[in-house]
Number of protein chains: 2
Amino acid sequence: MNDSRGRNAAATTATATADASAAATAAATGSAGKGLRRDAAENRARLLRAAWEAFAEQGPDAGVEEIARRAGVGMGTLYRRFPTKDALINELSEVIFESILEHARMSAALGADRAPGQPSGLEESLFHMGEVMAGHHGCLSRLWQASPPPDQDERRTELWQLMDRMLDQAKASGDVRPEVTLTDVYLSVIALRSLVDDTAGQAPDLWRRYLEVVLAGFRPAPGARPLAYQPADDSLVRHGLPKRRH
Amino acid sequence: MNDSRGRNAAATTATATADASAAATAAATGSAGKGLRRDAAENRARLLRAAWEAFAEQGPDAGVEEIARRAGVGMGTLYRRFPTKDALINELSEVIFESILEHARMSAALGADRAPGQPSGLEESLFHMGEVMAGHHGCLSRLWQASPPPDQDERRTELWQLMDRMLDQAKASGDVRPEVTLTDVYLSVIALRSLVDDTAGQAPDLWRRYLEVVLAGFRPAPGARPLAYQPADDSLVRHGLPKRRH
DNA sequence: CATGAAGCGGAGATCCAACTCCGGTTGGCC
DNA sequence: GGCCAACCGGAGTTGGATCTCCGCTTCATG
């Protein structure tokens, strides 16, 4: 294990995790859990929390039996609440995504109203993404996967529009050079997601270091070579990636 | 699909792929295939090639039956040559790794003898890694996984020593700023691996763009902030990551 | 060319994780 | 309290993947 060097890394991570946990509870007892008998609604919430823990500890290979056991309910209950294991995972992804989108909305709304020297909205959003993802490592495989349910698709579009706006702001304030595209940001997020998942067990904060390098790579520099390989358009961002196969 | 923009991307990729294919054949007919009857050795080679293709097309979930079918042999033959499916995958990883190590040896040996403005050995090696990995997407999950067989472990150590040397050279020639550590390079490679795999189907060259950004992030820049999160040591590089779970 | 050790194919045994089914129980409304 | 729809548990089914087994065939050697 890593002993959390650097600034307040551990503290911010803990906060993000707590937020997400609260969000999971909210999702469980909120709209999706309405119309259920009290015991049923509570079991639904327990299942989501159990799944969240199980996936964080064992990755998405954690078995449904394990999840039911942790939640203290039977298999039947699990499958009455969630028609498939995938549905359960999607629900969790939803919670993660919601947190990311919410933060991006606030960050974008804040716009360029920042003290000079403060991190740009783009930077802030990317670090927030990392934190939320680190708090849910193991549940990330469904994030940004192609062809999500339509309502989720709409919200994904919104997120990337916000990111695009923040990218423009960052360029305007000189934090990012003009040739950087939304696709570049997208690629960084995809890579960040994998890195968070891969290093979660051994060095849960190291993704920050990677993200700093990438952000440095976005920054304008006098003698910098232009990027040679131009991505044509943002179709990748708009359509997402196919389901992971590993 | 992507239409291979920028420089000679397609050409270099094709070369790397051909190299790797040849390497696969060599591995099959070489030392590992010695002592086998002619038909058996040939079947071994066919199996490796079939597995290589199947994994590239369908990811590591490609079934053993599919591999045997492609190779034109029966299941029995597959399992007589390779005790488990994992063993087969490890053999392929071995081939990929061999190509990477070989290139790193040459690149490191060339040292600082480069025309000014030419890419550093580090840069060249990273691009080569990307090319080889892109030519074998789907077979990468076992690469750099923790606790490989001892002989492989030794070679992994060698690779990262070479990378470390090239990192020093790059710092000396001003291509990389001093605070960048071997762990940073390692993280980039891990991220690159995932990115190559994730984007292989839709934008097989886009990893180049990502890698350029990272390399730009490594480059010295006058007003650059120092990286805040210091990795303590290179234990991650030395020990590798645990098996992926996705 | 005769011999047998090594190799071959592929049906089916085995394993494992997701999912279903149903007899018994519980919560909420009258 | 009484009723019943909704809910619960968990043993068992299903499906899909890996791996084994054995009667037949092929290669290499004397």
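Chain letters run A, B, ... following the sequence lines, proteins first and then strands; every chain starts at 1.
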*Asks:* Please name all residues satisfying side chain to side chain donor-acceptor pair (under 3.5 Å) with A:Glu65, sequence neighbours left out, ordered by chain then number.
*Replies:*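 In terms of side chain to side chain donor-acceptor pair (under 3.5 Å), with neighbours along the sequence ignored, A:Glu65 is linked to no residue.
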
*Asks:* May I have the distance from B:Leu47 (atom CG) to C:dG7 (atom P), rounded to whole angstrom?
*Replies:*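 So the CG-P distance, B:Leu47 to C:dG7, works out to 13 Å.
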
*Asks:* Please determine whether a side-chain nitrogen or oxygen atom of B:Asn43 lies at a distance below 4.0 Å from atom OP1 or OP2 of C:dC8.
*Replies:*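 Answer is yes, contact under 4.0 Å.
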
*Asks:* With a 4.0 Å cut-off, would you call B:Arg81 and B:Glu91 a salt bridge?
*Replies:*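 Judged by the 4.0 Å cut-off on N to carboxylate O distance, B:Arg81 and B:Glu91 do not form a salt bridge.
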
*Asks:* Which ring pair (Phe, Tyr, Trp, His ring centres under 6.0 Å) pairs, counting each pair once, include a residue from residues 184-203 of chain A, with sequence neighbours left out?
*Replies:*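 Output for this query lists A:Trp160-A:Tyr186.
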
*Asks:* Taking A:Arg49 first and then A:Glu53, would you say they form a salt bridge - that is, a charged N and a carboxylate O separated by under 4.0 Å?
*Replies:*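 Result for this pair is no, no salt bridge flagged.
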
*Asks:* Distance check needed: C:dA6 C1' versus B:Glu42 CD, whole Å only.
*Replies:*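 Answer to the nearest Å: 16 Å.
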
*Asks:* Can you tell me the distance, in whole Å, between the CZ atom of B:Phe82 and the P atom of D:dT20?
*Replies:*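 Roughly 15 Å, once rounded to whole Å.
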
*Asks:* Using a 4.0 Å heavy-atom cut-off, does A:Arg69 contact any base of the nucleic acid, only the sugar-phosphate backbone, or nothing at all?
*Replies:*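 The answer is nothing, as A:Arg69 stays clear of every strand by at least 4.0 Å.
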
*Asks:* Round to the nearest Å and state the distance from B:Arg46 atom CZ to C:dC8 atom P.
*Replies:*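 So the CZ-P distance, B:Arg46 to C:dC8, works out to 10 Å.
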
*Asks:* Could you write nucleotides 15-24 of chain C as a row of B, S and -, 5' to 3', where a protein heavy atom under 4.0 Å of any base atom gives B, of only sugar-phosphate atoms gives S, and otherwise -?
*Replies:* ---SBBB---

*Asks:* Taking only residues two or more places apart in sequence, or in another chain, which ones meet B:Glu94 in a salt bridge (charged side-chain N to carboxylate O under 4.0 Å, His left out)?
*Replies:*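 With neighbours one apart ignored, the set is B:Arg155.
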
*Asks:* Not counting sequence neighbours, which residues clear salt bridge (charged side-chain N to carboxylate O under 4.0 Å, His left out) with B:Glu42? List them please.
*Replies:*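 Only B:Arg46 meet the salt bridge (charged side-chain N to carboxylate O under 4.0 Å, His left out) criterion with B:Glu42.
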
*Asks:* So, are A:Glu212 and A:Arg209 salt-bridged, with charged N and O less than 4.0 Å apart?
*Replies:*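 Here A:Glu212 does not pair with A:Arg209 in a salt bridge, since their nearest N and O are not under 4.0 Å apart.
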
*Asks:* Just the rounded figure in Å: distance from P of D:dA17 to CD of B:Gln58.
*Replies:*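 Value for this atom pair: 10 Å.
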
*Asks:* Among A:Leu92, A:Asn90, A:Leu159, whose side-chain contact (heavy atoms from CB on, under 4.5 Å) with A:Phe97 holds?
*Replies:*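 That would be A:Leu159.
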
*Asks:* Below 3.5 Å is the cut-off: list the nitrogen or oxygen pairs between protein and nucleotides 28-30 of chain D, distance only.
*Replies:*
residue : atom : partner : partner atom : Å
D:dA28  : OP1  : B:Arg38 : N            : 3.4
D:dA28  : OP2  : B:Arg38 : NH1          : 3.0

